[in-house]
Visitor: 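Attaching a single structure in structure tokens format; questions to follow.
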Amino acid sequence: MRRLPRSFYARDPRTVARALLGRVLVSELARTRVSARIVEVEAYRGANDPASHAWRGRTARNAVMFGPAGHAYVYFTYGMHYCFNVVCEREGVAGAVLLRALEPLEGLALLRRRRRVHARERLLRGPGCVGQGLALTLAHDGLDLVTGPLWIADIPPERGGARPASGPRIGIRFARERPWRYWLRGNACVSGPAARRAGDSR
DNA sequence: GTATCGATTAGC
DNA sequence: CTAATCGATACA
């Protein structure tokens, strides 16, 4: 299956975030293939985005956010969770899209083993659960999605008739008013309470 | 050096 | 609502 080209990622993260909704992520990191539809994402920018890890400039942790687009930015947080982003923008400009929730398509048994949860809609719901389900660690930080075993398929988004919705990002302290969280309205795999899965219709 | 805080989650 | 759990960050 064809992968999204680097040019897809090398744009403003808000544009990439919207364009990612409904597309299929594939992991061939383990022997068993896992694939899942992207249903919820958040865009993070650089110096002009106080909620971004890159707000205060380049550090060891956020270095790949400043690198070429189409790579994975994986970070460790709360002492126990790994979160998965795709790097955007041209090299030297920070930007990324956090994958917050996906709808599992292939590899359900492996996901259930890793997550120790049965319900399909809970396997990849929430950014920490995405990291756990895909078994990501800091070893995957910087992985190239255009050439590596973890990638996003270049096929038209399948949104199941749902109009993409947008609203404020979750769990941040600054820049709360910016509506840079995007999701497929009503999809059961979107994180948070049912009310959050509904939302507006931008 | 020490103190605080997470782009979170599960459980009560 | 809170505990879990540790790297990054802030500050003395």
Side-chain angles (χ1 to χ4, degrees), chain A residues 9 12-18 20-21 25 36 38-67 69 71-89 93-104 111-143 145 150 165-184 188-197 199:
Chain A
Y9 300 103
D12 185 296
R14 295 164 295 185
T15 304
V16 177
R18 273 186 293 259
L20 281 175
L21 287 178
L25 174 79
I38 298 167
V39 300
E40 182 188 0
V41 296
E42 281 175 359
Y44 287 88
R45 306 184 71 196
N48 41 18
D49 182 3
S52 172
H53 290 166
W55 184 40
R56 294 165 204 273
R58 187 181 186 126
T59 66
R61 176 173 71 156
N62 66 25
V64 311
M65 274 187 80
F66 290 82
H71 288 249
Y73 166 47
V74 179
Y75 66 88
F76 181 62
T77 191
Y78 288 98
M80 62 190 91
H81 301 297
Y82 294 93
C83 297
F84 175 31
N85 303 251
V86 301
V87 174
C88 303
E89 298 282 16
V93 178
V97 173
L98 172 68
L99 301 193
R100 285 193 58 91
L102 300 91
E103 178 183 335
L111 289 173
R112 288 185 170 120
R113 208 175 323 141
R114 287 172 174 166
R115 291 271 301 116
R116 300 171 180 276
V117 162
H118 184 81
R120 189 174 92 111
E121 62 272 18
R122 291 194 48 197
L123 293 173
L124 297 171
R125 183 160 84 185
C129 300
V130 170
Q132 187 178 37
L134 297 176
L136 297 178
T137 68
L138 294 186
H140 302 103
D141 188 35
L143 209 65
L145 308 179
L150 181 64
S166 70
R169 294 172 291 183
I170 307 297
I172 55 170
R173 204 157 76 154
F174 305 108
R176 287 195 170 147
E177 74 290 353
R178 303 183 190 186
W180 295 347
R181 167 175 173 260
Y182 307 90
W183 68 97
L184 295 186
C189 299
V190 171
S191 74
R196 196 198 278 171
R197 271 169 244 147

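Throughout, a chain's letter reflects where its sequence line sits, starting with A, and its residues are numbered from 1.
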Visitor: Looking at B:dT8, I'd like to know if its phosphate oxygens (OP1 or OP2) sit under 4.0 Å from a side-chain N or O belonging to A:Arg169.
Guide: no
Visitor: Between A:Arg61 and A:Asp141, does any side-chain N to carboxylate O distance fall below 4.0 Å?
Guide: no
Visitor: Round to a whole Å and report the spacing from CZ of A:Arg181 to C1' of B:dA7.
Guide: 13 Å
Visitor: Between P on B:dA7 and CE on A:Met65, what's the gap in Å once rounded to a whole number?
Guide: 11 Å
Visitor: Taking the side chain as C-beta and beyond, is there a heavy-atom pair between A:Glu89 and A:Asp12 under 4.5 Å?
Guide: yes
Visitor: Find the distance A:Ile172:CD1 to B:dT8:C1' and express it as a whole number of Å.
Guide: 14 Å
Visitor: How about A:Val97 and A:Asn85: do any of their side-chain heavy atoms sit closer than 4.5 Å?
Guide: no
Visitor: Categorize A:Arg116 for me: base, sugar-phosphate, or nothing, with a 4.0 angstrom heavy-atom threshold over every strand shown.
Guide: nothing
Visitor: Should A:Leu134 and A:His140 count as side-chain neighbours, where that means a heavy-atom distance under 4.5 Å?
Guide: no
Visitor: Does any part of the side chain of A:Gln132, heavy atoms only, come nearer than 4.5 Å to the side chain of A:His81, both counted from C-beta?
Guide: no
Visitor: To the nearest Å, how far apart are A:Arg125 CZ and B:dA10 C1'?
Guide: 13 Å
Visitor: Going 5' to 3' along nucleotides 3-12 of chain C, which nucleotides have protein heavy atoms under 4.0 Å from the base (write B), which only from the sugar-phosphate (write S), and which from neither (write -)?
Guide: -BBB-SSS--
Visitor: Side chains of A:Tyr73 and A:His53: any donor to acceptor distance under 3.5 Å?
Guide: yes
Visitor: Between A:Arg100 and B:dT8, is there a side-chain N or O to OP1/OP2 distance below 4.0 Å?
Guide: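 A:Arg100 to B:dT8 OP1/OP2: side-chain N or O found under 4.0 Å.
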Visitor: Of A:Arg14, A:Arg178, A:Arg100, A:Arg18, which meets salt bridge (Lys or Arg N to Asp or Glu O under 4.0 Å) against A:Glu42?
Guide: A:Arg100
Visitor: Quick one: A:Tyr44 OH to B:dG6 P, roughly how many Å, whole number?
Guide: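 Those two atoms, OH and P, are 12 Å apart.
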Visitor: A:Val86 versus A:Val41: any side-chain heavy-atom pair under 4.5 Å?
Guide: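 Of all side-chain heavy-atom pairs linking A:Val41 with A:Val86, none is under 4.5 Å.
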Visitor: Whole Å only: how far is the CG atom of A:Asn85 from the P atom of B:dT8?
Guide: 11 Å
Visitor: Can you check the A:Arg122 CZ to B:dA10 C1' distance for me, whole Å?
Guide: 8 Å
Visitor: Among A:Arg176, A:Arg56, A:Arg169, which one satisfies salt bridge (Lys or Arg N to Asp or Glu O under 4.0 Å) with A:Asp49?
Guide: A:Arg169
Visitor: Take N1-N3 plus N6-O4 or O6-N4 for Watson-Crick, N1-O2 plus O6-N3 for G-U, both under 3.5 Å. Which runs of 3 or more such pairs involve DNA chain B?
Guide: B:1-6 with C:6-11, B:8-11 with C:1-4
